[in-house]
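Structure first, then comments.
Because the structure is predicted, anything quoted here is derived from the model rather than measured. The figures here come from the full heavy-atom set of this structure, side chains too, leaving out hydrogens, waters and symmetry mates.
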Protein chains: 2
Amino acid sequence: MSQTVDRALSILPLLAEGPADLGQVADRLGVHKSTALRLLRTLHEHGLVYRQSDQRYRLGARLIALAQEAMENLDIREIAHPHLARLNESCGHTVHLAVYEENEVLYIDKVDSRYPVRMYSRIGKPVAITVAAVAKLLLADLPERERRALAEKLDYPLYTARSTPSAPAFLRELEKVREQGWAADLGGHEESINCVAAPIRGADGRVAAAMSVSAPNVVVTADELLTLLPLVCRTADAISGEYSGRTPAKDIV
Amino acid sequence: MSQTVDRALSILPLLAEGPADLGQVADRLGVHKSTALRLLRTLHEHGLVYRQSDQRYRLGARLIALAQEAMENLDIREIAHPHLARLNESCGHTVHLAVYEENEVLYIDKVDSRYPVRMYSRIGKPVAITVAAVAKLLLADLPERERRALAEKLDYPLYTARSTPSAPAFLRELEKVREQGWAADLGGHEESINCVAAPIRGADGRVAAAMSVSAPNVVVTADELLTLLPLVCRTADAISGEYSGRTPAKDIV
DNA sequence: CAGGGTCGTTGCGATAAGTGCAACGTCCAT
DNA sequence: ATGGACGTTGCACTTATCGCAACGACCCTG
């Protein structure tokens, strides 16, 4: 809508790929160098980009700090965290919390496994949307139109032989998840990693977030992990209760 | 430099304080509502702001994802992480990695304590710059002019009785840290928490990052924590060696 | 050491893009 | 039913942005 701002913001994902110099930025934006310079300067003043010693630009520290504040403002995160920590205490595995927003599913909290083998994932990282258990729960709750439209738009990378291969398969899987009220990912993202997930609902009954427990085969088999399902669901329900204002929450400050 | 972009970017910190509606944004920017609307729309298209169900705007998911990518591009983080994890294995306490950029010190990595008592801090969060041990190391290495200028600009909040109270005191502390080559924070930020920190240097000898070990009094006394200093310094030196390209690093892909 | 090339930077005039206004629509509360 | 608050739209004005061309710094090469 606003050309100047639009161009300036387009620089950010570009720099997210790695540092770039003025010429590269100008080329990729399709504008004159002087224009790119002015945009970069403005971004720089706001701390969103940083100019490193070799004169190239990269994303800046304030961007990271802003994102941090953004996450801290998500009240569901505050509410859920103690529950996630408690679940991690009792089962020892990695626990994730994720939300859906504008065609993306994002981890917004994580409690690391207490086993030495840790899986790779990061708060703030977009989730493998076609296979992750939390993603299935979040998408399964979208209105049908939106769900179908999104499913068509997605790519279906074959991370493993068990990855969801196509839009129809994905929609069927979502339907199943929707009915059973929980989801699993058994080696669909990484061969040896399984997850079970449960939905967290707001006052309106819609799925506001999803949480999961993940563990590699070398620690527990898929079947063993599935025995945790009731515990995961209970935890998710407890969070739902607090988040929707039904349960007053017996803590804190 | 670019008015439109400048205004648009000013919206981000504003929304970081919490969700706001169109009128509030327009007022705080000092522009007409229609102008604010267009800016917000552009930000929205790029996913940097999100419009929640009550129509108010808040920071969006892509901002968080971008920040994530920004951090993953910091090569020092990649290099340091295994060392931090190993240090955590051997001492059990919380380990932090921080960098300085444009008047801010930011945690860019963290390995949580294995004790039940965990301290509050977050990757991406700006550090209490006048008291944190890592901040002292990073600022102590700045050119004198810059260091003085920054010291004058800072606020000196008295978190505790031991917090650095003023610019002159801070500069003296930095001088000391500079000479001894390590830093500590003994209850200067939170009464019961102590840290020891060591610098990580690049090929040019300048301090590129700093790492610290933190623990609450209830787990170890300050004196006990200080006995870890040699280990912390050795770890930092190992990271320095790898980062500056001296040590080839015996790993990875 | 001179010359050619690359890259970042600056000032300027043309004009395209952004701005504020006023009117409209919607929703909610009175 | 009526008033007010808030978001949204189209439009005329004019200001802020754009690309250009020229400059300067730097680096590498012959």
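- L39(A) has its CG atom 14 Å from the P atom of dA17(C), to the nearest Å.
- Atom CG of L40(B) and atom C1' of dG7(D) are 11 Å apart (whole Å).
- For the pair D54(B) CG and dT26(C) C1', the computed distance is 17 Å after rounding to whole Å.
- At least one side-chain nitrogen or oxygen of S2(B) sits closer than 4.0 Å to the OP1 or OP2 atom of dT17(D).
- For R7(A), no side-chain nitrogen or oxygen approaches OP1 or OP2 of dT17(D) to under 4.0 Å.
- Between H44(B) and Y50(B), the angle of the ring planes stays under 30°, which puts this pair in the parallel group of the 30/60° scheme.
- Across all their heavy atoms, Y100(A) and L138(A) have their closest contact at N-CD1, 3.8 Å.
- Following rounding to the nearest Å, Q52(B) (CD) and dC6(D) (C1') show an atom-to-atom distance of 16 Å.
- S244(B) and G202(B) get closest at one heavy-atom pair: CB-C, 3.7 Å.
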Collect all protein-nucleotide pairs involving nucleotides 9-13 of chain C in which both atoms are nitrogen or oxygen and the distance is under 3.5 Å.
unit_1: dT9(C); atom_1: OP1; unit_2: R51(A); atom_2: NH1; d: 3.0
unit_1: dT10(C); atom_1: OP2; unit_2: R41(A); atom_2: NH2; d: 2.6

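- Note that CZ of R86(A) is 8.5 Å distant from OG1 of T235(A), once rounded to the nearest 0.5 Å.
- Across the protein-nucleic acid pair, Q3(A) atom CD and dT17(D) atom P stand 11 Å apart, rounded to whole Å.
- When the side-chain nitrogen and oxygen atoms of T4(B) are compared with OP1 and OP2 of dG18(C), none of them lie within a distance under 4.0 Å.
- Among all heavy-atom pairs drawn from M1(B) and R38(A), the shortest one is CB-O, 4.3 Å.
- Closest approach of D6(B) to E45(A), counting heavy atoms only: OD1-OE1, 4.5 Å.
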